[in-house]
Every structure is written in structure tokens, then in C-alpha cells.
Chemist: 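Below is a structure I'd like to ask you about.
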Amino acid sequence: MLIGLLSNPKVLILDEPTVGIDLKSRYDIHHLLNNMKSQRLIILTTHHLDEVEALADNIKVIGSDPFYREVLKEKNWSFEVYDNTKEAH
């Protein structure tokens, strides 16, 4: 992740950046991303709902398994479902 930040990108795409990371490092990464998100678009994939809660301004659910949608509804979090079955025009 740090190498990707060297060029100060306007868009940062992160695929599960905290998998296998210890708790302190996860906290540090969350803090860094929260500080950076006002200056760039950050697209992040994660399975950790605590990470969604800590970082997300907008939530997009990908996939057909209803589990995450149900949990997000229970938490009263606003989200959109990405439908990849539609053809692009």
C-alpha cells in the first residue's frame, strides 16, 4: 500500500488492505486512510464490517449472497447493491 502512495494518487484502489495485519497496524492504516480520504477517492474491498464502519462514506455491496445486505439493514446503514448482471450500453 505504501508504494502506491508514493505518487500521491487521486484514486487509490485497495483490495482488503488489512488482511493478516495485527490490530495496531490495522488501526494505523484506518487512521491513515481516514486522514487521506478528503483529498482522494479511495475504493476499498473488505469483508470486515468494522472496517466498513471505520472507513466508509458510501457502501456498495457486490455479490448475490444476502448476508451482508441483511447485516447492513440491521445496522440501518445506507448502501447500494451493485448489479453486475446488467449489460453495459
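Worth knowing before you read on, the calculation uses all heavy atoms, side chains too, and leaves out hydrogens, waters and symmetry mates. A quick note: this is a predicted structure, and the numbers were derived from the prediction, not measured.
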Chemist: What residues, two or more places apart in sequence or in another chain, satisfy salt bridge (Lys or Arg N to Asp or Glu O under 4.0 Å) together with Lys24?
Modeler: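 Result, salt bridge (Lys or Arg N to Asp or Glu O under 4.0 Å) vs Lys24: Asp28.
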
Chemist: Test: side chain to side chain donor-acceptor pair (under 3.5 Å). Region: residues 56-67. Which pairs qualify, not counting sequence neighbours?
Modeler: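 Side chain to side chain donor-acceptor pair (under 3.5 Å) check on residues 56-67 returns Lys37-Asp57, Lys60-Glu80.
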
Chemist: If you measure from CG on Leu12 to CG on Leu14, what distance do you get to the nearest 0.5 Å?
Modeler: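 One gets 4.0 Å once the value is rounded to the nearest 0.5 Å.
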
Chemist: When clusters are formed from ILVMFWY side-chain contacts under 4.5 Å, directly or step by step, what else is grouped with Ile62?
Modeler: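 Listed partners: Tyr82.
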
Chemist: Keeping to residues at least two apart or across chains, list the salt bridge (Lys or Arg N to Asp or Glu O under 4.0 Å) pairs with something in residues 4-14.
Modeler: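 Non-adjacent pairs meeting salt bridge (Lys or Arg N to Asp or Glu O under 4.0 Å): zero.
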
Chemist: Applying a strict under-4.5 Å side-chain criterion to I, L, V, M, F, W and Y, I'd like to know whether Leu6 and Val11 cluster together.
Modeler: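 No; Val11 is not reachable from Leu6 via cluster members.
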
Chemist: So, using side-chain contact (heavy atoms from CB on, under 4.5 Å) as the criterion, who are the partners of His31 when residues are at least two apart?
Modeler: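 Per chain and number, His31 pairs via side-chain contact (heavy atoms from CB on, under 4.5 Å) with Asn35.
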
Chemist: Quickly, which of Leu44, Ile43, Thr45 forms a side-chain contact (heavy atoms from CB on, under 4.5 Å) with Asp15? Name it, please.
Modeler: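 Testing Asp15 for a side-chain contact (heavy atoms from CB on, under 4.5 Å) against Leu44, Ile43, Thr45 leaves exactly one candidate, Thr45.
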
Chemist: Does Tyr27 have any side-chain contact (heavy atoms from CB on, under 4.5 Å) partners at least two apart in sequence or in another chain, and if so, which?
Modeler: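 side-chain contact (heavy atoms from CB on, under 4.5 Å) list for Tyr27, sorted by chain: empty.
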
Chemist: Determine all donor-acceptor pairs shorter than 3.5 Å in which one atom belongs to a side chain in residues 47-55; sequence neighbours excluded.
Modeler:
from, atom 1, to, atom 2, distance (Å)
His47, ND1, Glu16, OE2, 2.8
Asp50, OD1, Arg26, NH2, 3.4
Asp50, OD2, Arg26, NH1, 3.2
Asp50, OD2, Arg26, NH2, 3.4
Glu51, OE1, Thr18, OG1, 3.3
Glu51, OE1, Thr46, OG1, 2.7
Glu51, OE2, Thr18, OG1, 2.4
Glu51, OE2, Arg26, NH2, 3.4
Glu51, OE2, His30, NE2, 2.8

Chemist: Write out all pairs satisfying side chain to side chain donor-acceptor pair (under 3.5 Å) with one or both partners inside residues 66-78, taking only residues at least two apart or from two chains.
Modeler: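 Side chain to side chain donor-acceptor pair (under 3.5 Å) check on residues 66-78 returns no pairs.
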
Chemist: In this structure, would Ile13 and Met36 fall into the same cluster of hydrophobic residues linked by side-chain contacts under 4.5 Å?
Modeler: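 Ile13 and Met36: separate clusters.
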
Chemist: Would you check, one step at a time, whether the test side-chain contact (heavy atoms from CB on, under 4.5 Å) holds for Gln39 with Asn8?
Modeler: CA-CA 10 Å; Gln39 297 128 9; Asn8 195 25; over 6 Å; no

Chemist: Output all residues satisfying side-chain contact (heavy atoms from CB on, under 4.5 Å) with Leu23, sequence neighbours left out; order by chain, then residue number.
Modeler: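 For Leu23 there are no side-chain contact (heavy atoms from CB on, under 4.5 Å) partners, ignoring immediate neighbours.
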
